[in-house]
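No experiment lies behind these values; they were computed from the predicted model shown.
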Amino acid sequence: MGALLLLATGMWSVPAAAAEGPTVTTRYGQVRGAAGQAAHSYLGIPYAAPPIGTRRWRPPEAPARWSGVRDATAPGDPCAQTGSDSPWGDLAGPGTPSEDCLYLNVHTPARPSLLKRPVMVWIHGGGFTVGSGAFYDGSTLAARGDVIVVTLNYRLGVFGYLAHPDLAAESPEGISGNYGLLDQQAALRWVRDNVAAFGGDPGNVTVFGESAGGGSVCQHLVSPRATGLFDRAIAQSGCGFTLPTQESQQTGGAAWAGALGCADAACLRALSADRLLAAAQSPTARWTPNVDGAVLPRQVTDALESGRFHRVPVLQGTTADEGRLSVATTYDLAGRRLTAAGYPPAVRALYGDRADAVLARYPLSDYGSPAEALGAVLTDSPFACPQSRTAGLMARYVRSYQYEFADRHAMDHLNLPISFPAGAPHGSEIRYVFGAVTGTPAQNALADTMLGYWTAFARTGVPYAAGAPYWPLHPKVQVLDPEGVTAQTTFPERHKCDLWNQPAG
């Protein structure tokens with residue numbers, strides 16, 4: 001439904017009878033979704049051909065067209081992965097993990113509109129090894145934010161990021177790996193070509209994601225192959241992760257394949273998905289994007305520093321206690337406690353020669369428990385300070401907004417059996433953005449404000465919400481707290497970024 005009177009020109013997508021669900025025509029065929037009072041959902045739409053057989057470890061290809069009306073009331077299977085229990089449940093979501101997984105889901109407001117709506121494309125997190133688009137229900141965000149929400153699957157782990165010399169030999173550019181990133185870009189091209197049929201504006205697309213999804217957003221910001229695929233970007237708890245080189249990933253991939261008795265791609269493609277998944281659990285394997293010179297020409301921070309990125313407005317940020325969930329998973333939820341005596345060895349195992357400097361800046365006397373001390377270290381080092389740096393680098397060239405999510409009781413509803421407060425840990429802001437909070441009046445109000453900020457940014461490139469405080473540009477940081485939303489300038493000092501945002505040595 002576009003800005004023009006498409007009804008008059010016969011281009012309006014008219015829902016079928018309510019019992020049958022709304023029907024939309026895409027470039028590849030018709031889909032029939034599920035009607036809801038507030039939002040309609042179209043699930044399990046293929047955006048690329050199944051990456052199976054000879055397509056395993058190759059760039060995504062266009063999906064086949066279909067005749068008739070495709071049922072779009074159930075999501076496609078999540079991408080192949082191992083079990084991924086989390087405090088929120090199994091991150092794989094519904095379905096059975098499979099290599100045939102390149103599907104996306106579209107959520108639209110139920111009420112009609114003569115104006116094209118902004119489009120928000122969600123890239124899920126999960127360390128590039130677990131997760132699915134269908135785990136996140138975009139219906140509430142679509143209905144309350146008056147936007148089109150798209151969630152998607154992309155290849156994970158060994159299937160998404162294996163680099164190998166024989167795979168590189170198949171590529172005209174001599175590169176391998178990054179198949180998961182290429183999947184995401186294929187989904188964005190599908191959105192560009194098809195979202196107008198769902199009432200979306202292909203000229204106003206926001207890509208947003210969390211953790212590995214946030215890292216992916218920033219990787220698309222510096223990828224030449226993402227040119228023109230989005231107009232705004234939101235990176236939640238992930239931007240500027242340091243990535244391995246193509247050479248190191250190919251070397252590691254060849255060694256990993258050799259342990260399976262394979263020297264070439266044909267041998268690897270002949271192995272079952274289950275065997276590859278089992279072998280992928282090797283502690284020396286690293287399944288992540290790599291700097292290949294083409295999909296990713298350089299490290300994200302290097303590209304941002306030199307201004308070699310897509311000049312779109314960017315909103316990014318972290319949670320106040322990113323690292324506490326990692327500590328809980330490693331210790332309390334694994335049946336043990338981090339003690340005062342165990343704190344220094346834990347820091348030394350992570351930071352080696354830098355450990356003395358870290359311990360001096362994070363003394364146990366400053367925290368309620370050793371777990372909270374280690375949680376602060378794991379908040380500031382990989383999340384808060386790198387994201388503060390990337391926000392500053394972007395601010396030289398584009399409108400750059402930074403936030404800190406600070407609801408210290410965001411996880412209380414889960415009643416986790418841990419010995420210290422979970423605070424506002426990694427991932428705890430997602431349900432606030434998606435409108436899935438049922439909490440205290442103050443928490444509900446914060447969720448309303450955040451959904452308003454996010455969708456206004458998608459609509460205009462400026463985060464605002466009715467009745468909510470003004471959100472200034474970086475270097476001020478919008479602290480999102482149910483006790484009051486405030487703009488602060490003390491973020492780098494509070495997170496000791498002078499320690500972390502400097503070369504090791």
Side-chain angles (χ1 to χ4, degrees), residues 82-87 125-130 157 211-212 215 237-238 240-244 248 252 255-256 280-288 318-389 404 408 411 414 416-428 491-505:
T82 56
S84 52
D85 285 340
S86 76
F128 300 106
T129 59
V130 299
S211 194
S237 298
F241 296 136
T242 300
L243 301 175
S248 67
W256 176 85
Q281 306 310 304
S282 166
T284 60
R286 186 177 181 188
W287 308 120
T288 184
T318 52
T319 70
D321 304 297
E322 292 276 3
R324 290 196 187 183
L325 197 56
S326 293
V327 177
T329 301
T330 303
Y331 292 94
D332 287 45
L333 297 179
R336 57 201 182 108
R337 297 270 182 97
L338 178 62
T339 65
Y343 174 60
V347 173
R348 294 188 191 284
L350 291 167
Y351 297 100
D353 293 342
R354 300 189 69 190
D356 287 340
V358 174
L359 290 166
R361 296 292 296 277
Y362 295 83
L364 283 175
S365 57
D366 284 358
Y367 301 93
S369 67
E372 291 166 75
L374 185 59
V377 174
L378 295 180
T379 293
D380 299 349
S381 171
F383 292 106
C385 295
Q387 196 121 34
S388 178
R389 184 186 177 204
E404 180 176 41
R408 305 284 181 163
M411 299 278 286
L414 294 177
L416 295 178
I418 60 178
S419 62
F420 58 95
H426 191 65
S428 59
F491 185 93
E493 290 76 23
R494 288 191 290 108
H495 292 282
K496 303 175 176 55
C497 292
D498 62 310
L499 171 66
W500 301 112
N501 286 349
Q502 62 179 340

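Within the structure, every pair that satisfies the salt bridge (Lys or Arg N to Asp or Glu O under 4.0 Å) test and touches residues 326-351, not counting sequence neighbours, is listed here: Asp332-Arg337, Arg348-Asp356.
A donor-acceptor contact closer than 3.5 angstrom links the side chains of Ser237 and Glu322.
Distance CD/Gln387 to OG1/Thr319: 10.0 Å, rounded to 0.5 Å. Put simply, CZ on Arg354 and CG on Leu359 are 12.0 Å apart, with the number rounded to the nearest 0.5 Å. For the atom pair CG (Leu499) and OG (Ser381), the distance works out to 8.0 Å, reported to the nearest 0.5 Å.
Looking at Ser388 and Phe491, their side chains come closer than 4.5 Å, going by heavy atoms from C-beta outward. In this structure, Tyr331 and Leu374 have side chains that are in contact, with non-hydrogen atoms separated by less than 4.5 Å. Looking at Arg286 and Ser248, their side chains never come closer than 4.5 Å, going by heavy atoms from C-beta outward. Contact check for Met411 versus Pro425: side-chain heavy atoms found under the 4.5 Å cut-off. Annotation: side chain of Leu416 is in contact with side chain of Leu325 (closest heavy-atom distance under 4.5 Å). Counting heavy atoms from C-beta on, the side chains of Trp256 and Thr284 never come closer than 4.5 Å. Proximity of Asp321 to Phe383: side-chain heavy atoms (C-beta onward) are nowhere separated by under 4.5 Å.
Taking the ring centroids of Tyr351 and Trp500, they lie under the 6.0 Å cut-off.
Minimum interatomic distance between Leu338 and Ala346 (heavy atoms only, all atoms of both residues): CD1-CB, 4.5 Å. Considering all non-hydrogen atoms of both residues, Ala334 and Thr329 come closest at CB-O, 3.6 Å. Closest non-hydrogen pair, Ala212 versus Gly126, comes out as CB-N, 4.1 Å. Summarising the geometry of Tyr362 relative to Lys496, their closest heavy-atom pair is CZ-CD, 3.4 Å, with the distance given to 0.1 Å. Residues Glu404 and Ala320 share a closest heavy-atom pair of OE2-CA, 3.5 Å.
A donor-acceptor pair is defined here as one N or O able to donate and one able to accept, closer than 3.5 Å; no such pair exists between the side chain of Arg324 and the backbone of Ala424.
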Test side-chain hydrogen bond (donor to acceptor under 3.5 Å, both in side chains) on His426 and Ser211 and set out the steps. CA-CA 8 Å; His426 191 65; Ser211 194; 2.8 Å; yes
With side chain to side chain contact (heavy atoms under 4.5 Å, CB included) as the criterion, how do Val377 and Leu350 come out once you've worked through the C-alpha distance, each side chain's angles and the decisive distance to 0.1 Å? CA-CA 10 Å; Val377 174; Leu350 291 167; 5.6 Å; no
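One finds no salt bridge joining Asp366 and Arg361 here, because no Lys/Arg side-chain nitrogen approaches an Asp/Glu carboxylate oxygen to under 4.0 Å.
For Leu364, the side-chain contact (heavy atoms from CB on, under 4.5 Å) criterion is met by Ala340, Tyr343, Pro370, Ala373, not counting sequence neighbours. Remark: Arg389 pairs with Thr301, Glu305, Leu393, Asn501 by the side-chain contact (heavy atoms from CB on, under 4.5 Å) rule, at least two apart or across chains.
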